[in-house]
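Whatever order the structure lists ligands and atoms in, that order sets their numbers, starting from 1.
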Amino acid sequence: MRKFKTIISVLVAAVLALSLVGCGGGSSNDGEKKAEKVVIKFSHVVAETTPKGQAALKFKELVEQKSGGQMEVQVFPSSQLVGDKEELEALLANNIQIIAPSVTKLVGFEPSFQLVDMPFLFASDEAAMNFYNGPMGQKLMHSLEPKGMLGIAWWPNGAKHFTNNKRPLKTPEDFKGLKFRTQSGGLLDAQFKALGAGSQTLAFAEVYQALQNGTVDGQENTFNNTDTQKYQEVQKYLTVSGHGRLDYVVLTNTKFWNSLTPEQQNIFNESMQEATEFATKLANELNDKSRENIEASGKVEFYELTEADREKFIKVLEPLYAEYEGKIGKEYIDAAKASK
Ligand code: LMR
């Protein structure tokens, strides 16, 4: 089945690459090509019912409406087209024109993006959004331009919480000997190491199965990702920790962007701004609803860290600040800490 899926993915990718000649990736600014229909492929890894999934559909609706159908956005959710491992390469090759990876997955291109994983860094959801929309967040978002990727927006999901199927996680000691899935290496591996646990980086599409067959014991995610991936079916314990963030940078290919006419760029920008406002309003609502769903499933035992518990985690994870300050950039960490 897996092999069949891989063959289908390769075929779809090949057809897409061919179909791009003369559409999104191939148009230029000369008069004749201006009238060509622009096709924008937007690929992401989560379900359509998530904040990212909904915002992608909102962007599609707005672009198509504002351009009178002259621009078309094709949205591919749930790693249908490409998964975590391939989406950055596909964007760079201009085989797809928009992705919105979780911030930490950009660590291979720019280590500063690991900022979101610094334990207990942001004081609240608002503090995170204000950092992203402030000067340092904008600097970080634009840092991939020399690599051919244009940052166009920050989209929120929310705070991460731990789940596992072995025992309730109330103190740092409870993590000893467990193995967790991470979205990327680097700081997230160091976080679990500091807690005495092991870790393994896995693509999002592989997580459910890895939890089910015991490749890993647990994972960390937002309520909404946990719920929409149905991890409650394969996890017994959830610790409401809010120890890190899971948000997105929406990226497009610079060459594709430069191929758009100024009018098309305006439509793109206006639609992205509206979709971003939509995503920002939706994220908390969907996470709250998902928390209720997981609780209502009756399959997961919840534990909410108390202030005293949090202090214990902060103490154990504190050395990560000294270790990662240089890699991430002190100016980013200071700005994030100061954000309200
Ligand atoms: C994950 O891999 O857990 C998330 O980054 C998925 C996503 O895009 O929200």
Selection residues 215-246 - residue pairs positive for ring-ring contact (aromatic ring centres under 6.0 Å, His included), sequence neighbours left out:
H161-F223, F162-H243
Could K60 and E64 be called an ion pair, given the rule that one side-chain N must be under 4.0 Å from one carboxylate O?
yes
For K170, is there an ion pair with D174 - N to carboxylate O distance below 4.0 angstrom?
no
Report the hydrophobic cluster partners of L188, with the cluster defined as I, L, V, M, F, W, Y residues connected by side-chain heavy atoms closer than 4.5 angstrom, directly or transitively.
none
Amino acids in close contact with ligand 1, where any non-hydrogen atom sits under 4.0 angstrom away
V45, V46, K52, S102, K105, R181, Q183, F204, N221, N225, L246, Y248
OG of S184 to CG of D189: how many Å apart, nearest 0.5 Å?
7.5 Å
Qualifying residues under side-chain hydrogen bond (donor to acceptor under 3.5 Å, both in side chains), relative to T182, sequence neighbours excluded
T201
